[in-house]
Amino acid sequence: QVQLVESGGGVVQAGGSLRLSCAASGRTFSSYDMGWFRQAPGKEREFVAAISWSRSNTYYANSVKGRFTISRDNAKNTVYLQMNSLLPEDTAVYYCARKMYGSMWYTPTNYGNWGQGTQVTVSS
């Protein structure tokens, strides 16, 4: 019953930054574990980052560690992905989702309530 909407994507030069937002409508997600995934055309959906409800623990794919930061503002029902030092290989559609199943943070099938995605294009 939670609807998620991603925003903040765009075209940026390599080395630049973007901040993505994932806003929830309807039921609050303040008690939900949340994640960001990305998917390039013709490729599998790939884990990027996740944040837990308990203590806001964070998890990152090795490819983005040190460059991306996930955070949440429960008062605004919003999850953020700050992306710095962007590379052409970061180009993809970025999706946020609620973790609903299992114990693995990096498995797409453990998530639901997927948003519609926002396009990020990094040029060189």
Side-chain angles (χ1 to χ4, degrees):
Q1 66 274 50
V2 174
Q3 313 301 130
L4 302 178
V5 179
E6 301 93 335
S7 62
V11 180
V12 65
Q13 296 268 13
S17 298
L18 286 172
R19 188 180 73 162
L20 306 184
S21 298
C22 172
S25 62
R27 186 175 178 181
T28 179
F29 61 54
S30 62
S31 63
Y32 300 161
D33 302 325
M34 301 292 296
W36 285 96
F37 290 77
R38 65 189 183 187
Q39 189 167 24
K43 303 198 70 177
E44 297 285 338
R45 191 161 296 188
E46 175 189 26
F47 172 75
V48 177
I51 186 165
S52 72
W53 167 73
S54 173
R55 293 175 166 174
S56 292
N57 293 324
T58 57
Y59 308 86
Y60 297 95
N62 288 334
S63 59
V64 306
K65 283 182 180 177
R67 300 189 297 121
F68 291 9
T69 303
I70 187 171
S71 61
R72 65 193 301 163
D73 185 339
N74 290 337
K76 296 182 178 180
N77 280 3
T78 302
V79 177
Y80 303 98
L81 185 69
Q82 178 66 47
M83 306 186 295
N84 298 325
S85 302
L86 283 162
L87 302 168
E89 48 262 49
D90 296 317
T91 296
V93 177
Y94 283 70
Y95 300 89
C96 68
R98 172 192 173 192
K99 186 174 183 296
M100 302 176 69
Y101 314 104
S103 59
M104 298 293 101
W105 294 98
Y106 49 81
T107 306
T109 53
N110 286 350
Y111 291 76
N113 289 124
W114 295 92
Q116 83 290 341
T118 186
Q119 176 71 47
V120 171
T121 301
V122 184
S123 62
S124 61

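Small disclaimer: the values here were computed from a predicted structure and weren't measured.
A donor-acceptor pair under 3.5 Å is absent between the side-chain atoms of Arg72 and the main chain of Val79, judged by distance alone. Between the side chain of Tyr111 and the backbone N or O of Trp105, at least one donor-acceptor pair lies under 3.5 Å. Although no hydrogens or angles enter the test, the distance criterion places a donor-acceptor pair under 3.5 Å between the side chain of Ser52 and the main chain of Ser54. Between the side chain of Thr118 and the backbone N or O of Ser7 there is no donor-acceptor pair closer than 3.5 Å. Side chain of Asn113 to main chain of Val2: a donor-acceptor pair is present (N/O by atom type, distance under 3.5 Å, no hydrogens or angles). Checked by atom type and distance alone, the side chain of Ser85 never pairs as donor or acceptor with a backbone atom of Arg67 at under 3.5 Å. Here the side chain of Gln39 pairs no donor or acceptor atom with the backbone of Val93 at under 3.5 angstrom.
Residues Leu87 and Val122 share a closest heavy-atom pair of O-CB, 3.3 Å. What you find for Thr91 and Ala40 is that their closest heavy atoms are O-CB, 4.1 Å. Residues Ala14 and Pro88 come closest through the heavy atom pair CB-CD, 4.2 Å.
Phe47 is not connected to Tyr60 by any chain of hydrophobic side-chain contacts under 4.5 Å among Ile, Leu, Val, Met, Phe, Trp and Tyr, and they are in different clusters. Following chains of ILVMFWY side-chain contacts shorter than 4.5 Å, one cannot reach Tyr59 starting from Tyr80, and the two form parts of different hydrophobic clusters. By the criterion of side-chain heavy atoms lying less than 4.5 angstrom apart, applied directly or through intervening Ile, Leu, Val, Met, Phe, Trp or Tyr residues, Val64 is grouped together with Ile70 in one hydrophobic cluster. Placement of Leu86 and Trp36 within a single hydrophobic cluster is found when ILVMFWY residues are connected by side-chain heavy-atom separations under 4.5 Å, directly or transitively.
Note on ring orientation: taking the six-membered ring where Trp is involved, the planes of Trp114 and Tyr95 are perpendicular (angle over 60°, cut-offs 30° and 60°).
In this structure, the separation between CD on Glu6 and CD on Gln119 is 12.0 Å, given to the nearest 0.5 Å. Note: Trp53 CH2 to Met34 CE = 15.0 Å, rounded to the nearest 0.5 Å. A distance of 10.5 Å separates CG of Leu81 from SG of Cys22, quoted to the nearest 0.5 Å. The OG1 atom of Thr69 lies 11.0 Å from the CE atom of Met83; values are rounded to the nearest 0.5 Å. The structure places CZ of Arg38 at 4.5 Å from CD of Glu46, a figure rounded to the nearest 0.5 Å. Distance OG1/Thr107 to NZ/Lys99: 8.5 Å, rounded to 0.5 Å.
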Point to revise | Stepwise side-chain contact (heavy atoms from CB on, under 4.5 Å) check, Val48 with Phe68 | key: CA-CA 9 Å; Val48 177; Phe68 291 9; 3.7 Å; yes
**Study point:** CA sep, side-chain torsions, deciding dist, call: Cys96, Leu4, side-chain contact (heavy atoms from CB on, under 4.5 Å)
**Key:** CA-CA 7 Å; Cys96 68; Leu4 302 178; 3.9 Å; yes
**Study point:** Check against side-chain contact (heavy atoms from CB on, under 4.5 Å), Val11 and Val120
**Key:** CA-CA 6 Å; Val11 180; Val120 171; over 6 Å; no
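Under the 6.0 Å distance and 45° angle rule, Arg98 counts as a cation-pi partner of Tyr32.
Residues Ser17 and Asn84 have side chains that bring a donor and an acceptor to within less than 3.5 angstrom of each other.
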